[in-house]
Each structure stands twice: as C-alpha cells, then as structure tokens.
Amino acid sequence: MSFKDLKLNKPILRAVAEAGYDQPTLVQERTIPKVLEHKDIITSAQTGTGKTAAFALPILQLLFDRQDAKKKEKTIKAMVVSPTRELAIQIAKNFKTYASYTNLRTAVIYGGTSIEPQKDILAKGLDILVATPGRLLDLHKQDLINLDYVEILVLDEADLMLDMGFIDDVKKIERLCPEQKQTLLFSATMPYKVEQLATSILTEPERIEVTPTSSAAKNVGQVLYYVPKRKKMELCLHLLRHTIKGSILIFRRTKFGVDKLHNKLLDHGYKAERLHGNRSQNERQNALADFKRGKVNILIATDVAARGIDINELDAVINFDLPNVPETYVHRIGRTGRAGEFGNAYSLCSADEKSYIKTIQQLINVQIPVEVDHPFPLDPKAKPSVHKKKGSKYKKGRKGKGSKQKKKRWY
Ligand code: AMP
C-alpha cells in the first residue's frame, strides 16, 4: 500500500515524501482510514511504529478544508494530550512537518517552563494543540484556552498517562471538550484501567492492534548476563570498556539509580547524560539534545522519562535493572534495531530478577542467550537478597490524604 491509496491530499503527501517515508507503516495503514471515516478508535501500538503520523496525517486531512481562516479567527479543532513534555514537543514537531504545505497551525504547551510565552502563542490562534494535562488545565482555568470547538481529541500513551496519575485530569479534559467529538486513544499496553477509561469516553470504538512482541525483537541481538546485584556497576563498566560501543541507552528502574550510575560513569571518564522526572524541563531537553547530536554517547534514563522519545540510530540498549513488566522489556529493546538496522540489547540480571526473565521470555517467545564468559558470574544457587522491612513506629494510615498526594514519585 502507498500513502496515495490512503486518500491523503497532495500537500500532505508532499510533506510525507519529504520526510522520507516511502510507504505507510502497519499502524498507519490500519488507523488512517478509520480516522478519516470519523470513527472513534483505540489503537494499541508502541512508539517506533509510526503511530504519531497515524493520527497526525488524517487529522490534517480532516481539517484541511478549513485551513484558511484568518490567524486570529482560528479555533482549536484538534487536541492531542500527551503525558510527558518531551513527547508533546515531539508530536507537535511532527504535526508541523506534515503540515508544511498547509495553513494549519500547531502549538504545544507543557509544564515546567514559563507560562507567559505559551499564553502569547495561544492568543495568536491555532488549529491543533498538543498539551500535557497539568498545564492545559491550568491555562484553561485562566480562561486562555477555548475547547468549545474541539472536534478531534487524541489521548496518546494512555497507559503511561494513567500510571503517572493523570486519570482525573484526563477525564476532566475530556469533559471540557464538546460531547460530540471524535476520540482517538493510543496506548502501548492495554491494562484494565485503560480499557475502563476507553469504555467511559469512547463511542463504539474500532480496535486496532499492532503487536510489537516478535517483530520488535527481530533486528535486536539479545544477551543476558547473570550477575550479583552488588557487582552490576562493575559489570556495566566492564562491558562499556570491552564490548558495548557507540550510542547507548541505559535503563534503570529509579531516579536514584540513574543518578548513581551517572556519577559512576562520569568518574570513569565517560560522557553520559541522564533523564528522569526530578530534572527540570531545561535539563531534560539539554540532556536529550546532547545525546542526539552525539556530544555524549551514553544516556541513562528511567522508563517513564524515556518513553516515547524518538531516538534514532541507537547501537545498544542496556537493561541495568530488569523491568518487572515484560512489555516494558520489549519497548526498551525496540529502541535499537529500528527501521531495518541491527542493534543489541544487554540485560543484567541479579538473583532477585530471575522471575522477570521468565515472564519476558514467555512474552517474546525467545530464549535469550546467556553470556557466561565475564568476570562477575552469579552463583546459580544464589538466593535473592531479602530486604526486611523495618516497620514503622507509627500506625498505618497515619498520613493524611494531602501528604500522600505530595509524596514524591519514584520515577
Ligand atoms: P512514532 O512511532 O510516531 O514515534 O514514529 C517513529 C519514527 O518513525 C519517527 O522517526 C517517524 O518519523 C518515523 N516514521 C513514521 N512513519 C513512517 C513511515 N511511514 N516510513 C518511515 N518512517 C516513518
């Protein structure tokens, strides 16, 4: 199938061709016609499948006939809600690329940065708004955003949005838009709470599934290292010294873990950057930019911070900590080996993570090869180290709701 077959008009086809896309990806092939038919859809697809264009292209097509309103008279007709700032910025960038030969205007708003310039952008008039939930509600409360004309609402990375605690915000945003609208929900995974959300806000949705499991692993060489937990840092340094070269993304489970590894790598003379939720927007953007333009070749991140970010030409992914959700493993290793390129994924597994390997292997239906030839082997009989809970001297339920809400997130 070609993009022409998808009934997109010339200015959009021209921009797509200039972006270097020869033919639609699977998710685009399935999603674009449904969106053009004004259907609600629920698509399970991860980043890297081309899902942004799968909603951006048909939205531009649907709005194309009304592109020529004077700037100030433009109203927000399509809105994309995204969980993270980086992702919002990336989505808006894609919209702008695909809309190069139209008069449709896109803007992006997100938290963690000054609100004033965003107010000016909104005042100038736009057709498509990409936003993170908090800042969107904030600006709406100040009466600076009019959602009365929204015809298409996209909820991107819905599972992550719910994981990050945005469920009430998302529901509120949906209610602020007109009842009559087309809603498109995208999610990498479909846990029960996403299904529940979909049932409550979508109308007779069409389901589109693009399962990444086997295909994601196809171009990726996977290796597993069993190693005692306290030796992981040394093994990681050993691998960087002898085995793993090029641009490398390292995943750790917690922000603390990311910082610790980052310090260690800097101490050893490596050029590394880090991404996690405790860093300011500027710091995150700079870290990403430095990695993308090769100023540093190692990026260490938590899953949430790295989710959805389009980083091309990765040579390797290191799972310093293994994820307890098997799909996360697939998402992580899918970062390398994209677009026909070959990549490698290295996983460090300590005794307490062995059960994760089991479920990961079940999901991908592949036995990950184990590398035994390294200086820090794990005794096969080693038992997971058990952390005994010290037990609080305070009674359970001591904390008020307010203080619980203030609790810092671990990602
Ligand atoms: P996404 O899943 O939306 O994050 O897209 C992943 C990457 O694939 C982005 O760099 C897109 O520019 C690229 N892409 C999207 N659609 C296509 C296509 N049909 N052909 C080639 N590359 C594409």
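Remember, it's 1-based here, ligands and their atoms both numbered in the order they're listed.
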Participant: Counting only nitrogen or oxygen atoms and a 3.5 angstrom limit, does Lys51 reach ligand 1?
Facilitator: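 Yes, Lys51 has an N/O under 3.5 Å of an N/O on ligand 1.
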
Participant: Any N or O on Gln90 sitting closer than 3.5 Å to an N or O of ligand 1?
Facilitator: no

Participant: Short list, please: which atoms of ligand 1 are under 4.0 Å from a heavy atom of Gly50?
Facilitator: 1 (P), 2 (O), 3 (O), 5 (O), 15 (C)

Participant: Anything under 30° is parallel, anything over 60° is perpendicular, the rest tilted; go ahead and classify Tyr98 against Tyr21.
Facilitator: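 Aromatic pair Tyr98/Tyr21 classed perpendicular.
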
Participant: State the CD-CG distance between Glu195 and Leu197, to the nearest 0.5 angstrom.
Facilitator: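 Answer rounded to 0.5 Å: 10.0 Å.
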
Participant: Can we say Asp315 and Lys245 salt-bridge, meaning some charged N sits less than 4.0 Å from an Asp/Glu carboxylate O?
Facilitator: no

Participant: Between Leu261, Ile298, Ile248, which is the residue that forms a side-chain contact (heavy atoms from CB on, under 4.5 Å) with Ile318?
Facilitator: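 So, applying the side-chain contact (heavy atoms from CB on, under 4.5 Å) to Ile318 and each of Leu261, Ile298, Ile248, only Ile248 qualifies.
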
Participant: Are Lys232 and Glu353 ion-paired here, with the side-chain N under 4.0 Å from a carboxylate O?
Facilitator: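 A salt bridge links Lys232 with Glu353.
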
Participant: For ligand 1, which atoms have a heavy atom of Gln23 less than 4.0 angstrom away?
Facilitator: 18 (C), 19 (N), 20 (N)

Participant: Does ligand 1 come near enough to Ala53 that some N or O of the ligand is less than 3.5 Å from an N or O of the residue?
Facilitator: no

Participant: Checking Thr359 against Gln362: is there a side-chain donor and acceptor pair closer than 3.5 Å?
Facilitator: no

Participant: Which ligand 1 atoms, with their elements, are less than 4.0 angstrom from a heavy-atom of Thr25?
Facilitator: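 Counting atoms of ligand 1 from 1, those under 4.0 Å from Thr25 are 17 (C), 18 (C), 19 (N).
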
Participant: Nearest to atom 3 (O) of ligand 1 by heavy atom, Thr52, Val16, Ile91: which?
Facilitator: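 The residue whose heavy atom sits nearest atom 3 (O) of ligand 1 is Thr52.
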
Participant: Output yes when the distance from some N or O of ligand 1 to some N or O of Asp22 is under 3.5 Å, and no in every other case.
Facilitator: no

Participant: Gln28 versus ligand 1: do any nitrogen or oxygen atoms come within less than 3.5 Å of each other?
Facilitator: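 Such a contact does occur with ligand 1.
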
Participant: Counting heavy atoms only, which part of Phe3 comes closer than 4.0 Å to ligand 1: side chain, backbone, both or neither?
Facilitator: side chain

Participant: Determine, for Glu116 against Lys119, whether the closest basic-nitrogen to carboxylate-oxygen distance falls under 4.0 angstrom.
Facilitator: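 Between Lys119 and Glu116 there is a salt bridge, with a charged N closer than 4.0 Å to a carboxylate O.
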
